[in-house]
Undergrad: 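Handing you a structure now.
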Amino acid sequence: MADSESIKKMLRSVLQSSKSGVSIGSLQSEYRTLCGEAIPLKKLGFSKLEDYLRSIPSVVRLDYRMGELKCFAAVCQETAHIAELVARQKNSKKCGPSKVINCKMRFKASNPYMLNVTPRSSLRQPSLAVASNWPANRSQTHGGYRGFSASGDYSLYDVSLVQRRITQLLEKYCSGMWMSKLPEVYSQMFKQKLHPQVLIDIEKWTHICQVEKPPSSNRADRLIYPPLPKPPTVSVKSTSSPTASPINSSTAIVPISSCPSKPEQLVAFSPSMNSAPSPPLKSSAVTASAEVRHKIKELLSKYSGGLWAHALPKLFMDTYKMPFPEHVLDNLFQLLDICTVEYPLPHDKNRVRKCLTQCQCSGHTLPSGLEVLSPVVPPCLVVPSEQYPSVLVTEAKSSNAPLFRYVGVNYSHLHEAMEDVMASFYSQSSMQHPLSNPTVGQLVAVRGEDGDDLARAQVMEIMDSNKVKVYYMDYGLSVETSGTNLLHLHQDFLSLPFQATNVRLAGLEAFSSHPSVLSSLDTLAVGKILLMETLKSCEQNEVPVAVLYDTSEEEDLNINSTCLKALQDKTMNNPLTVNVTYKDVSVTNVCADGIMYCQLPSRGNTRLKKLLEQTEVYFISQMTSDYLVARPFSGKFCLARYKGQWARVEITSMHDNRVMEIVFIDFGVPATVEVTDLREIPPLFLKDFTLIPPQAIKCRLAELTVPEGDWSQEAVLWLKEATLGSEDCKMKVIHKGDKLVYMYLFIGVDSQELHKSINHQLDRSKLFRISQHNTNKYSGKPQVRYISLSSSFFQLGQNMDVFVPVACHPGYFVLQPWQDLHKLVVLMGEMMLYYNQTGKTNTVTQIQKREVYAAKIDKNWHRVQVKAILANGLVSVYELDHGKHELVRSTLIRPLIEEFRQLPFQAIAAQLAGVAQQQWSEEASMLFRNHVEKRALVAQVESVHQMSEVKGELWACRLTVYLVDTTMEDRDLWIHSIMTDINGELSSAA
């Protein structure tokens, strides 16, 4: 890659893959990800990256965006058509809400495998245009179906026989059944096990049965029932009725759903209806008595899987020996406050069976704080399925109940569509009559002051002078408005859950109304779109507990942690002054990059020691498990053991609910621990602990020349031995920044002459220039055994669920078998615990080429193979589980112990089948990466290359596979067909 023209081509490819540009700070890492090495600036005759980029204006265009220097691909005649190709493809289905916050929000993912949905092992065949690429034995043969599965099972089953039996089974169970019960019932009825492939293929047998997923159920199960007869064609004449509903079969369709991850329930509104307003809800139908409602709720509590509506009257009679009021079945909307009504076929509510399940949030208080005076309330708002949904914070009068709205297609977008229909519906002259006698708690439609906007609200207070105070249920705001702006709210506009809801911010419960906390929330959160992480509930029906993040800046900002730090009393720390020398300094930690953490005598330090002693006595006297951390989260403050004593810690990141990274905030020492090592701060001491700022001051030795900006391992070890534990230590402050203090350090000397400082002693030593030649040895084959996935693991024609961590072009990408990814996550957690333990990172590792080691990359420990040992302590490694080439410091490499060699290396090199192998252009490579990289896909094995064919590598085989994206609803996307089409277009364009 030292060739100048090749570097320009690869650099252009990197920049073209990002529509929003690449920051100059991350360009090297992006380039290294693609090419396996950084841009060789020295070979090109440059010392700075920016200087090199400005020298090639035909390739790179530099521009400042939001105060940051970004790099864009320069447009030339050769690449002008690429933008058209990029625009032609669909956007990647990443879960990140990058379009909605501060123009810069990025996805926050703790688990890289959560970026996409789990792949589906069964494949739908490609269109006839590409059918010729597939062997004929993948079709149905001899009246049977050859079922594909991730395990490679090809057993046949008789399709026609199974279809006849399912028809017979559904004649007996005419009311339908849950899909999970089908194998058991089938086995009992026909004395034969149901083939697993049937559960996948049955969705296509629409002439045999109907399969639907309930739109508002939390179950992952599906409903199966006999197909419904087609309704006769009926000509409908338009009629007008004083009690007409805004719902009409010929009206505009707006999707309404209370659960974003489920199929949408379709509710149609009629904006052009010339009808009178519907009567008040209490008189629109005969309401169910309180006794009947209580008995229905009691029945549903016994049937967690739900209950078919048509079966309710008989069950009601058998249980309570009293007739069921039949009119309730015709007005199920009256029960929405105690149960959920699910329509398996939502577009045909009159001809389908209705399933009732107990409402899980019927007791949840609305944000308005008032009881709803109506038998009809919207369904409960369901939490989005993604790990970090976007939210708009509207109000924060308390950290225990900040109001917010979810932002996204199934929430804010859906609500906007409903309000547009409301505005059109109420614009009709027959709908203009104001509400005559509003009552407190009543749900109403409120017209805006401009007369155009309509919103759902609840009456909070009847004031004088025809003024009414209302609470906007979808915005979390209360306003005063004229009584003439209040209209009857039709029940059909209650299909969508109220959008305003609240949570409790984790870690701030004890300071929910503190002025500093509320001020910080108002500044950092209110009016902004943030990411929210909802923590696991400890108690049933409790208000959700959450952590808010602002990811619009270079570093993620934990809102909860920042608000808690606003309570700290800065006067309890020693106010540092430039050119002043401080005595009795304690150096608590020295990092690999030369950063040092020091403690100075202060009022806060003295108070902290007394509190920790009292806490020790308190824990001994209690001897209880009540103070174990039950709900850890990033940014949480708690206690952990440090050198045999309790110390304050902050959780910095979590790898799972068991393993997490912490930092001892008063020592500046990071560590990896298990959750059982942590303790909650007793409420008795919580306020005092919170007021004391961290006692570890982040420092760096001033005027110390470090070659190439890197610290050698020998220099770090020397500095640790010289400073850690020293009792006679002084510090002279030279410069004081916001986060870093530059200083001179003196150990065991009375004078403050600079040449006697640790700074000058280290500078005069040759530790920064120690050669790494003693570690650059190669002893031949690795002496410790390793395990890789052998060719016997794969079978020709096998379908595998895979994850693609790296993709260069169709001729080379890396796969990870999906079925073992959970084992890899567990292994990496164990490696974190082992290698991050204090004292296990101070040894010098003798590094040898082609050997296997553990290396710390981006805060995680990975299994790597050393490819080359470079100058300045850098080592080129290959991640054996993720297929990436990285440059790491030799100080971050450790021996890989036998325990961590048991799981086979997960990265499998592969190439795409169905396309001619060639020198792929930059444009085609970019489009290929956009379709497959960091995606969960299905791979179908076409051929396996044995180890003898792939020399010099640790993996035992290389695959040729078809890649298939199965996330689309109507068809499967075969990647090779896309690349064939794109390659043809590029060839014709050239």
Side-chain angles (χ1 to χ4, degrees), residues 506-512 514 535-536 538-539 542 545 560-561 564-565 567-569 572-573 584 586-589 597-696 724-725 727 829 832-834 836-840:
L508 297 174
E509 294 88 347
F511 310 98
S512 60
H514 195 284
L535 307 182
K536 184 178 180 181
C538 293
E539 299 177 4
E542 73 170 338
V545 181
N560 300 42
S561 176
L564 193 62
K565 292 174 182 177
L567 298 170
Q568 295 173 356
D569 183 1
M572 299 188 75
N573 272 5
D584 299 325
S586 174
V587 179
T588 57
N589 190 28
Y597 286 90
C598 304
Q599 280 188 359
L600 275 67
S602 66
R603 184 164 59 95
N605 202 350
T606 303
R607 176 60 179 152
L608 178 61
K609 291 179 180 179
K610 292 182 179 179
L611 283 173
L612 291 173
E613 291 174 358
Q614 295 172 10
T615 303
E616 182 79 35
V617 174
Y618 181 83
F619 279 149
I620 294 175
S621 65
Q622 295 297 313
M623 293 297 291
T624 177
S625 61
D626 292 344
Y627 293 104
L628 290 172
V629 174
R631 185 158 44 192
F633 58 89
S634 180
K636 180 179 178 63
F637 286 89
C638 48
L639 300 175
R641 283 285 186 179
Y642 180 71
K643 294 183 178 181
Q645 297 180 339
W646 292 110
R648 299 189 300 173
V649 302
E650 179 183 1
I651 299 177
T652 54
S653 63
M654 296 182 55
H655 300 280
D656 52 41
N657 289 330
R658 183 177 67 91
V659 180
M660 55 208 65
E661 288 189 60
I662 63 172
V663 60
F664 291 91
I665 62 175
D666 300 308
F667 299 93
V669 176
T672 302
V673 299
E674 294 187 83
V675 67
T676 53
D677 298 326
L678 303 177
R679 296 294 183 273
E680 295 281 3
I681 299 176
L684 180 65
F685 309 113
L686 180 58
K687 181 179 179 181
D688 292 330
F689 271 123
T690 305
L691 291 178
I692 302 175
Q695 295 301 295
L724 294 179
E727 297 180 357
M832 288 286 299
L833 282 173
Y834 179 81
N836 280 6
Q837 292 297 327
T838 304
K840 292 186 178 180

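Residue numbers run from 1 in the order of the sequence given. Bear in mind that the values here come from a model prediction, so they are computed numbers and not experimental data.
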Undergrad: Go through the steps to decide whether Arg603 and Asp569 satisfy the test side-chain contact (heavy atoms from CB on, under 4.5 Å), and finish with yes or no.
TA: CA-CA 11 Å; Arg603 184 164 59 95; Asp569 183 1; 4.0 Å; yes
Undergrad: Does a sphere of radius 6.0 Å around CD in Gln645 hold more than 12 heavy atoms from other residues, nucleotides or ligands, not counting ones at 6.0 Å or beyond?
TA: no
Undergrad: Enter the distance from Leu678:CG to Arg641:CZ here, rounded to the nearest 0.5 Å.
TA: 13.0 Å
Undergrad: Taking all non-hydrogen atoms of both residues, which atom of Asp666 and which atom of Pro693 are closest, and how far apart?
TA: OD1-O, 4.1 Å
Undergrad: Taking only residues two or more places apart in sequence, or in another chain, which ones meet Glu613 in a salt bridge (charged side-chain N to carboxylate O under 4.0 Å, His left out)?
TA: none
Undergrad: Mind listing the closest non-hydrogen atom pair of Phe667 and Asn589 along with its distance?
TA: O-CB, 3.7 Å
Undergrad: Could you check whether any side-chain heavy atom of Pro694 comes within less than 4.5 Å of a side-chain heavy atom of Lys565, counting everything from C-beta outward?
TA: no
Undergrad: May I ask you to decide if the ring planes of Phe685 and Tyr618 are parallel, tilted or perpendicular, using 30° and 60° as cut-offs?
TA: perpendicular
Undergrad: Find the distance between CD1 (Ile651) and CE (Met660) and round it off to the nearest 0.5 Å.
TA: 5.5 Å
Undergrad: In chain order, what residues pass the side-chain hydrogen bond (donor to acceptor under 3.5 Å, both in side chains) check against Ser512, with sequence neighbours excluded?
TA: Asn400
Undergrad: Between atom CD1 of Ile665 and atom CD1 of Ile692, what is the distance when rounded to the nearest 0.5 Å?
TA: 9.5 Å
Undergrad: Rounded to the nearest 0.5 Å, what separation is found between the OG1 atom of Thr672 and the CG atom of Leu833?
TA: 6.5 Å
Undergrad: What's the separation between atom CG in Leu639 and atom CG in Leu612, rounded to the nearest 0.5 Å?
TA: 7.0 Å
Undergrad: Decide yes or no on side-chain contact (heavy atoms from CB on, under 4.5 Å) for Leu686 and Phe511, but give the supporting numbers first.
TA: CA-CA 10 Å; Leu686 180 58; Phe511 310 98; 4.2 Å; yes
Undergrad: Tell me, do Ile662 and Cys638 make a side-chain contact under 4.5 Å, heavy atoms counted?
TA: no
Undergrad: Might you point out which heavy atoms bring Thr676 and Leu628 nearest each other, and give the distance in Å?
TA: O-CD2, 4.1 Å
Undergrad: By side-chain hydrogen bond (donor to acceptor under 3.5 Å, both in side chains), which residues pair with Glu680, not counting sequence neighbours?
TA: Lys636
Undergrad: For the pair Glu509 (side chain) and Gly507 (backbone), establish whether a donor and an acceptor sit closer than 3.5 Å, ignoring hydrogens and angles.
TA: yes
Undergrad: Salt bridge (charged side-chain N to carboxylate O under 4.0 Å, His left out) with Glu661: which residues, sequence neighbours excluded?
TA: none
Undergrad: Dump the intermediate steps for side-chain contact (heavy atoms from CB on, under 4.5 Å) on Leu600 and Asn605, then the final yes or no.
TA: CA-CA 8 Å; Leu600 275 67; Asn605 202 350; over 6 Å; no
Undergrad: Determine, stepwise, if the pair Leu608 / Arg648 fulfils side-chain contact (heavy atoms from CB on, under 4.5 Å).
TA: CA-CA 9 Å; Leu608 178 61; Arg648 299 189 300 173; 3.7 Å; yes
Undergrad: For the backbone of Ala506 and the side chain of Asn560, can you confirm whether one donor and one acceptor N or O come within less than 3.5 Å of each other?
TA: yes
Undergrad: Is the ring centre of Phe689 less than 6.0 Å from the ring centre of Phe637?
TA: no
Undergrad: If we ignore hydrogens and angles and just use 3.5 Å, is the side chain of Arg679 paired with the main-chain N or O of Phe619 as donor and acceptor?
TA: no
Undergrad: Which atom pair, heavy atoms only, marks the closest approach of Phe664 to Ala647?
TA: CD2-CB, 3.8 Å
Undergrad: So, using salt bridge (charged side-chain N to carboxylate O under 4.0 Å, His left out) as the criterion, who are the partners of Asp584 when residues are at least two apart?
TA: none
Undergrad: Might you point out which heavy atoms bring Gly829 and Val659 nearest each other, and give the distance in Å?
TA: O-CG1, 3.9 Å
Undergrad: Not counting sequence neighbours, which residues clear side-chain hydrogen bond (donor to acceptor under 3.5 Å, both in side chains) with Asn573? List them please.
TA: Gln695
